[in-house]
S.K.: 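Encoded as structure tokens, here's the structure I'll be asking about.
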Amino acid sequence: MQILYTDVLVIGGGLAGQRAAIGAKRRGHDVIVLSLVPAKRSHSAAAQGGMQASLGNCLGGTGDNEDVHFTDTVRGSDWGADQEVVRMFAHTAPKAIRELAAWGVPWNRVQRGDHQITVNGQKQTVTEPDNAHGLITSRNFGGTQKWRACYVSDGTGHAMLYTMSNQAIAAGIPVHERMEAIALIHDGERCCGAIVRNLMTGEILAYMAKATCIASGGFGRIYRVSTNAIINEGIGAAIALETGIASLGNMEAVQFHPTGIFPAGILVTEGCRGDGGLLLDGAEYRFMPDYEPEKTELASRDVVSRRMEEHIAAGHGAKTRFGDHLWLDIRLLGKEHINTKLREVKEICQYFLGVDPVNELIPVRPAQHYSMGGIRTNYRGESPQLKGLFSAGESACWDMHGFNRLGGNSVAETVVAGMIVGDSIADFCDSPDGALAISTSLVEEFGERERQRLAGIADSGGSENAFELMKLMQETMTANVGIFRDGERLQEAVSTLQDLQRRSRDIGLRSSAPGANPELVAAYRVQRMLKLAQCVAFGALQRTESRGAHFRADFPQRNDRDWMRRTLAIWPGEEADLPTLDYEELDIMRMEIPPGWRGYGAKDYIDHPDTPRRQQQLDEALQGMERADRHARQEALMPFRHLLPEHLRGNNQRLGED
Amino acid sequence: MSDIPVTQLGRTLHLQILRHNPRDPDSEPRLQTFEVEEADAMTLFIALSEIREKQDPSLQFDFVCRAGICGSCGMIINGRPGLACRTLTRDLPDHITLAPLPAFELIGDLSVDTGKWMRGMSEHLETWVHSQGLEQADIDSLEESMEPELAEQLYELERCIECGCCVAACGTAQMREDFSGAVGLNQITRFQLDPRDERSDADFYQLVGNDAGVFGCMTLLGCEDMCPKDLPLATQIAFLRRRMVAVR
């Protein structure tokens, strides 16, 4: 078996992985990036509407800053997020935008003078001031108080990913394309690389590295209806789980995006609603203001998706032979706006629906979209259990999204986490802990184990079909672990997944084609995906409350008293059919914002006794600080800057604020 | 309001696919026909996935986003390069012939190595913003301002998804392995337009001022005709050629 050596192995060539790679490389470490596909085809490219960063340049963003972004994100998370990490994120996001601007991203800019905008179905005229002209502009998104999503038309992720990839090429970082990590190499305490399968030749090889960073994105493809790319099968998270040491956090926290086109599930951006688009029911009636008077179509995604499904269940959907759906109406935005700011949306509607959104309604229904859960890391992006293993972006549970991510915070997280974790990795490699003292015979052992696993599938003569099991898993997840969950259906999902997992040990192949062999790929992936799916279903079954995107019809209240805790899933061994769940307390006494109402969605929740105590503490901490600036006031509540790499600690300049 | 358009049901599609597995010493390139019952709103992505799942699990092809934005699934569809994921079968006749994109290394069946080609092009043409001190960029202060219109023009050229359809449709690219293709030349015009890139026309001339670059184009316009993103490729090449001639 060929063994390749490098300082840093990054698994995943999307925004997070490449930014972390650039960071580590700049600090003088050799980096190799592995990618299932050419890096520029990574799913980061699919982010359409924008990246949240509180620049506050345009009129709708006036008064925005890190404090407001922080508050929106914590509320969006339904108090499930790690608030220190949210602070680190909100503080670094403007820097990330500005770095990308310097690197070449053609962010849309503020144009001075009069503009027509659409708010609540009405046209309004706003006037952008002279001093903001030419600075980066932003659009409105759900769950935010300000227009904060910086964008490049509706191809934001594409533009970011191309710029990032080009900078990685400029830095001479090799991307080994069509390579799939199928196991992490470790000695029980220390991760030292991965066993990798070449998806062109089928060859097995090993990469040994001081630090391994998984940035492989989400696992949406465990669901049947998902906006995710078909490569988003979560194998990166699964191989971390299969170590039996590293844990996955909050796997039950799965986001459903309100506007997947129906029935294909392809995403159309939240920017449609941010720019003034409306949701209509089968009778073309605008229903969201009835449910959510405060934020209407622009409540957080979990809330809007639930309201949509509630409305459909009440019989108000548009009926078709594929099932019921609702309508997204962007006609009122006008042809010019759609042709310049929503052109990908227009193309998608044209090609997949035969619909021109300038004149016609878009059929939509919520679809699985994002994995808040993932490989649990500390604030530095390192697994607390397995030394030398890092994770960044959607594959990680860092945990800035808690139980619901805000639109535009995902691409923002990829780059911000890449910046921070890239430095953590470099620090680790520079430290005595970074030294590798692991024998190549251990590497050979892992390689042999994986070869035998693959041969076991190829030679089994088993009766089960990998594609069929995949389909059954996806259907179970969409039917029973979706937007509305309850104990009975979750129990059914857990049992079905146990059964499918048992059957997956008896997968046989019909094809023995040399090379990649797509059937073998499906077989070894579905075995791993079933474990992830079980972490989601079992975690959801055990969490007897509703929080963010995790909604239990049988426990409809958020329960801070019993559930201010993060789920940690560990896979106890190859023979196991359930994860071991452990819980990590979220300490309200360390929060900058103790739990409360989000400003939208349900108003009743079960309080935690610490909440009033912490609030009193915070009020006291601010006494006598009325004249201090906002940074000093924040520092008095929950200091965080010391957690950031030194070069990211400075204040962010804004118009009207130095 | 119109309903979702649906296909007239009842068609059996005949997909004739060029098969070859270069990893298999016994494999000979051949055409193989599969029959698929057409379904509502069926795309070539759905049809090919169904063939792999139900008829021939060894069939190789590439899809990633399946939404027309990542550029993975370029192939020759009834003689023309295009994105398979967003090609609806209802827009095609009963008999559909699929072949891999030419000019790229074959991985197997419909899968070709566009990634390697594009990376090579990117390294050769240095398709990134060249600017002194990028690593020390001050990211705490207000960003440099840019005219809104210029930002939109840059994005217009940056919408390229490197799918390779323009290369497959290019006469020069079939004859010269080292031709940069419309994909590369368009990217040069994108960076030439970008004030953040400090390179001069003389620098760009070093990269594309030859027959492997802008002077290799025979103006057959296949690139622009076949571009799934409708990029103004011929115009950009003409524009670049004029600038490069001026350098001489």
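Note on naming: letters A, B, ... go to the chains in the order of the sequence lines (proteins, then strands), and numbering restarts at 1 for each one. Just so you know, these numbers use all the heavy atoms, side chains as well, and skip hydrogens, waters and symmetry mates.
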S.K.: Are the side chain of A/His133 and the backbone N or O of B/Pro148 linked by a donor-acceptor pair below 3.5 Å?
M.R.: no
S.K.: By a 4.5 Å heavy-atom criterion (distance strictly below it), what part of A/Val175 contacts chain B: side chain, backbone, both, or neither?
M.R.: both
S.K.: Quick one: which residues of residues 46-55 of chain B reach chain A at under 4.5 angstrom, heavy atoms only?
M.R.: B/Arg52, B/Glu53, B/Lys54
S.K.: By a 4.5 Å heavy-atom criterion (distance strictly below it), what part of A/Tyr162 contacts chain B: side chain, backbone, both, or neither?
M.R.: side chain
S.K.: Check whether A/Glu347 gets within reach of chain B through its side chain, its backbone, both or neither, counting any heavy atom under 4.5 Å.
M.R.: side chain
S.K.: Output yes when a side-chain donor or acceptor of A/Arg98 lies under 3.5 Å from a complementary backbone atom of B/Ser141, and no otherwise.
M.R.: yes
S.K.: Considering only heavy atoms, which portion of A/Leu655 lies under 4.5 Å from any heavy atom of chain B: side chain, backbone, both, or neither?
M.R.: both
S.K.: Would you mind checking which part of A/Gln111 comes under 4.5 Å of any heavy atom in chain B, side chain (CB onward), backbone (N, CA, C, O), both or neither?
M.R.: both
S.K.: Between A/Ile266 and B/Arg86, is a side chain to side chain contact (heavy atoms under 4.5 Å, CB included) present by the stated rule, with each step listed?
M.R.: CA-CA 11 Å; A/Ile266 293 170; B/Arg86 69 175 200 189; over 6 Å; no
S.K.: Chain A: which of B/Asp62, B/Leu88, B/Leu142 shares the most heavy-atom pairs with it under 4.5 Å?
M.R.: B/Leu142
S.K.: Could you name the residues of residues 186-195 of chain B that have a heavy atom within less than 4.5 Å of a heavy atom in chain A?
M.R.: B/Arg190, B/Phe191, B/Asp194
S.K.: Quick check on A/Ala264 against chain B: is it the side chain, the backbone, both or neither that has a heavy atom closer than 4.5 Å?
M.R.: backbone
S.K.: Once you round to the nearest 0.5 Å, how far does CD1 of B/Ile139 lie from CD of A/Gln653?
M.R.: 13.5 Å
S.K.: What residue, out of B/Ser27, B/Ala67, B/Ser111, B/Cys85, has the most heavy-atom pairs lying under 4.5 Å from chain A?
M.R.: B/Ala67
S.K.: Please test A/Gln48 against B/Ile69 for side chain to side chain contact (heavy atoms under 4.5 Å, CB included), starting from the C-alpha separation and ending with a verdict.
M.R.: CA-CA 10 Å; A/Gln48 297 173 356; B/Ile69 54 160; 5.5 Å; no
S.K.: Check whether A/Met164 gets within reach of chain B through its side chain, its backbone, both or neither, counting any heavy atom under 4.5 Å.
M.R.: neither
S.K.: Could you tell me which portion of A/His158 (side chain, backbone, both or neither) has an atom closer than 4.5 angstrom to a non-hydrogen atom of chain B?
M.R.: side chain
S.K.: Counting only heavy atoms closer than 4.5 Å, note whether A/Leu36 contacts chain B via side chain, backbone, both or neither.
M.R.: neither
S.K.: Determine, step by step, whether A/Met200 and B/Arg23 satisfy the side chain to side chain contact (heavy atoms under 4.5 Å, CB included) criterion, reporting the C-alpha distance in whole Å, the side-chain angles of both residues, the deciding distance to 0.1 Å, and the verdict.
M.R.: CA-CA 9 Å; A/Met200 292 181 285; B/Arg23 314 280 159 202; 3.9 Å; yes
S.K.: Main chain of A/Trp107, side chain of B/Tyr155: is a donor-acceptor contact present, judged purely on distance under 3.5 Å?
M.R.: no
S.K.: Checking heavy atoms, do the side chain of A/Ile348, its backbone, both or neither come under 4.5 Å from chain B?
M.R.: side chain
S.K.: Out of B/Glu143, B/Met146, B/Glu144, which one pairs with A/Leu135 under the side-chain contact (heavy atoms from CB on, under 4.5 Å) rule?
M.R.: B/Glu143
S.K.: Tell me, side chain or backbone of A/Thr156 under 4.5 Å from chain B's heavy atoms, or both, or neither?
M.R.: neither
S.K.: Just by modelled atom types, is the B/Cys65 backbone N or O under 3.5 Å from a matching donor or acceptor in the A/Arg41 side chain?
M.R.: no
S.K.: Side chain of B/Arg196, backbone of A/Gly104: donor and acceptor closer than 3.5 Å?
M.R.: yes
S.K.: I'd like to know which of B/Glu123, B/Glu135, B/Glu152 tops the heavy-atom pair count under 4.5 Å against chain A.
M.R.: B/Glu135
S.K.: Is A/Ser165 close to chain B through its backbone or its side chain, or both, or neither, when contacts mean heavy atoms under 4.5 Å?
M.R.: neither
S.K.: Pick whichever of B/Asp24, B/Leu59, B/Asp197 has the most heavy-atom pairs under 4.5 Å with chain A.
M.R.: B/Asp24
S.K.: Please classify the contact between A/Val37 and chain B as side chain, backbone, both or neither, with a heavy-atom cut-off of under 4.5 Å.
M.R.: side chain
S.K.: For B/Glu156 and A/Arg343, run side chain to side chain contact (heavy atoms under 4.5 Å, CB included): C-alpha distance rounded to whole Å, both residues' side-chain angles, the deciding distance at 0.1 Å, then the answer.
M.R.: CA-CA 11 Å; B/Glu156 203 54 44; A/Arg343 51 190 306 167; 2.8 Å; yes
